[in-house]
Every structure is written in structure tokens, then in C-alpha cells.
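Report on the structure given below.
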Amino acid sequence: MDIAFYGDSLTDGYPGVSYFKLLKARFPDHTLINYGRFNDTTISLHRRVITRRLLRPVALSIVWVGVNDVLVRESRLFSRLRRWWARDEDEFRIHYRALLDLLTPHAQQVIALTPACANEQPESRPNAALARLGVIITDVSAAYPNVRVLDLHTAFTTALENERISSAVYRPPHLLQSLLDALLLRTPQAVDQAAAQRGLHLTLDGIHLNSAGAQIAADAIAAAIHAYEAERASG
């Protein structure tokens with residue numbers, strides 16, 4: 001079975017720990033294709049799928065995008081570095097629908113993942129914004145009979161609330177920290193050590209995953225894949 005993964009650096013797997021690699025090890029008999037790219041937003045992913053001709057017939061397409069559309073609004077510098085991003089929630093809705101219009105004809109089922117977290121403080125403003133994007137993703141997806149929503153935002157929020165974390169929020173000291181992390185932290189052990197030093201539980205920097213966060217994502221997606229297989233087997 002062919003499974004295509006579309007998304008940003010979380011799907012690409014750098015920086016941080018790759019949930020995609022965990023899934024490849026779990027599904028050795030399937031062909032998993034990684035179309036993730038660092039820094040993608042909903043608009044840039046849509047454009048990249050078209051310009052790079054990333055469409056092919058697959059059983060499953062898994063889409064995880066949206067966190068950069070929120071982060072870019074939190075930083076003027078980020079907004080200058082990214083040319084394509086949704087300026088508001090209405091524009092996000094338009095472009096997420098365009099992305100599903102593009103992907104749904106080429107997959108038997110599309111699994112739309114809600115953005116997980118923008119930092120490890122569940123009640124923060126960026127995470128509230130991500131929650132609203134999750135509602136939009138759910139609403140838009142309802143119009144497509146072959147789209148299923150997987151709510152990773154709630155999965156991560158619940159896990160973080162169970163950790164009873166402090167009110168402190170880790171912030172990268174400078175814009176290039178993610179690039180440095182990608183270059184210097186090349187093993188799950190190095191990522192987890194850096195995350196622990198920063199006081200983080202599921203991520204390396206509030207966004208990109210450490211081993212615990214990657215496991216949450218991989219477990220949830222694996223369950224969705226098994227559910228699809230069961231539905232197909234039952235006819």
C-alpha cells in the first residue's frame with residue numbers, strides 16, 4: 001500500500017525526531033513517501049505539490065500543515081522570510097480547501113491532521129490560534145467523503161496538561177536556532193537531551209518533536225492507518 005505524507009518540517013523530520021521514520025519501521029510492507037519540507041505553510045505546500053508534481057495515485061494521503069501559518073503571524077521577521085502564508089483564518093480556510101481539492105482525487109482516503117502545538121503552554125495565544133485552525137480543518141474536511149480528521153492538537157494538549165508543566169515557555173534565542181538544531185542534533189538522543197535542558201516534554205523547541213512527541217504522532221497516525229486497512233478489508 002502506498003502512503004504519501006505532505007507537510008512541513010514536522011513531516012520532513014528535521015529538526016527534531018522524525019515520526020515518519022517511526023512509521024516506516026512500523027509498516028515495512030507499505031511504501032511510505034515523504035513530501036515534507038522545512039518552513040512550508042498551507043499555501044506554499046499547495047504550490048509545491050503543483051510545481052514539483054507531487055501527486056500520484058495512493059491509498060492514503062496524510063496532511064499535516066498549519067503551524068507555520070500561525071507562527072508567521074507571531075513574528076514580523078518570520079513574515080518577511082516567508083513569501084506565502086495565510087494572513088488570517090478566512091484565507092487559511094480558502095487555501096486548505098484548495099489543498100484538499102488537489103489531494104482528494106488522487107487518494108482513496110486523505111487523513112487531515114490538526115496542528116499539534118506552537119509551544120508547550122496549552123493555554124497560550126499561539127496554541128489557541130492553532131485550536132481554531134483545527135476547527136477550520138474539521139469543518140472544511142466535512143465536505144469531502146474521503147477525508148478523515150485526526151485531532152493531534154488535542155492529543156498533544158492532553159499530554160502536556162498531564163505533565164503539569166510550569167507557566168514558562170521556551171523561546172528560541174534567535175531566528176537561526178532551528179537551523180542550528182537541524183545541523184547539530186542529528187540523533188534522537190541528542191534531541192531529547194537538548195529538550196530536557198530546555199525544560200520541554202514533547203518537543204525540541206515548542207514545535208519540532210522530541211522522541212515522546214514523535215511517538216504520540218506516530219501512534220495516532222498508525223492507528224488511523226490500521227483503521228483504514230480494517231475498513232478496506234471489511235469491504
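Everything quoted here is computed from the prediction, not taken from an experiment. As a basis for the values below, the full set of heavy atoms in this structure was taken, side chains included, without hydrogen atoms, waters or symmetry mates.
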### Message
Counting C-beta onward and ignoring hydrogens, is there a side-chain heavy-atom pair between Gln109 and Leu60 closer than 4.5 Å?
### Response
yes
### Query
Of all heavy-atom pairs between His153 and Ala116, which one has the smallest distance, and what is that distance?
ND1-O, 2.8 Å
### Message
Has Ser234 got a side-chain atom pairing as donor or acceptor with Glu231's backbone, closer than 3.5 angstrom?
### Response
yes
### Query
Passes side-chain hydrogen bond (donor to acceptor under 3.5 Å, both in side chains), Asn119 versus Asn127? Steps please.
CA-CA 7 Å; Asn119 56 55; Asn127 281 323; 3.0 Å; yes
### Message
Is there a side-chain contact between His208 and Leu10 in this structure, where contact means two heavy atoms from C-beta onward sitting under 4.5 Å apart?
### Response
yes
### Check: Arg48 side chain, Tyr35 main-chain N or O, donor-acceptor pair, under 3.5 Å
yes
### Message
Tell me if a side-chain donor or acceptor on Arg186 pairs with a main-chain N or O of Ala182 at a distance below 3.5 Å.
### Response
yes
### Query
When you measure from the side chain of Arg198 to the backbone N and O of Leu204, does any donor-acceptor pair fall under 3.5 Å?
yes
### Task
Drop me the distance from Leu32's CG to Phe5's CZ, to the nearest 0.5 angstrom.
4.5 Å
### Task
Please confirm whether the backbone N or O of Leu209 pairs with a side-chain atom of Tyr19, one donor and one acceptor, at under 3.5 Å?
no
### Query
Can you hop from Met1 to Ile111 via hydrophobic side chains spaced under 4.5 Å?
yes
### Task
Indicate yes or no: at least one non-hydrogen side-chain atom of Tyr96 is less than 4.5 angstrom from one of Leu133.
no
### Query
Is it the case that Asp192 and Ser211 place a side-chain donor and acceptor less than 3.5 Å from each other?
yes
### Task
State whether a side-chain donor-acceptor pair under 3.5 Å links Thr114 with Asp151.
yes
### Query
Quick one: do Ile137 and Ile94 end up in the same hydrophobic cluster if we chain Ile, Leu, Val, Met, Phe, Trp and Tyr together by side-chain heavy atoms under 4.5 Å apart?
no
### Query
How many angstroms lie between NE2 in His95 and OG1 in Thr41, if you round to the nearest 0.5 Å?
9.0 Å
### Query
Taking the side chain from Asp205 and the backbone from Ser178, do they hold a donor-acceptor pair closer than 3.5 Å?
no
### Task
Please name the pair of heavy atoms, one in Asn210 and one in His201, separated by the smallest distance, quoted to 0.1 Å.
ND2-O, 3.0 Å
### Query
Going by atom types alone, do His106 and Ser61 pair a side-chain donor with an acceptor below 3.5 Å?
no
### Query
With ring centroids as reference points, do His226 and Phe27 lie under 6.0 angstrom apart?
yes
### Query
How long is the gap from CD1 on Ile62 to CZ on Phe20, to the nearest 0.5 Å?
9.5 Å
### Query
Considering the options Thr11, Val49, Leu99, Leu113, which one meets the side chain to side chain contact (heavy atoms under 4.5 Å, CB included) requirement together with Val63?
Leu99
### Message
Could you measure the distance from the CZ atom of Arg97 to the NE2 atom of His46? Nearest 0.5 Å is fine.
### Response
12.0 Å
### Hydrophobic cluster membership, Val17 vs Leu183, 4.5 Å side-chain cutoff
no
### Query
Does Asp40 offer a backbone N or O that forms a donor-acceptor pair with the side chain of Ser44 under 3.5 Å?
no
## Note on the structure
dist Asp8:CG -> Arg37:CZ (nearest 0.5 Å) comes out at 10.5 Å
### Task
Could you tell me which non-hydrogen atom of Thr157 sits nearest to which non-hydrogen atom of Pro122, and how far apart they are?
CG2-CB, 3.8 Å
#### Entry: ILVMFWY network linking Tyr6 to Val147, side-chain heavy atoms under 4.5 angstrom
yes
### Task
Find the distance between CG (Asp69) and CG (Asp88) and round it off to the nearest 0.5 Å.
10.5 Å
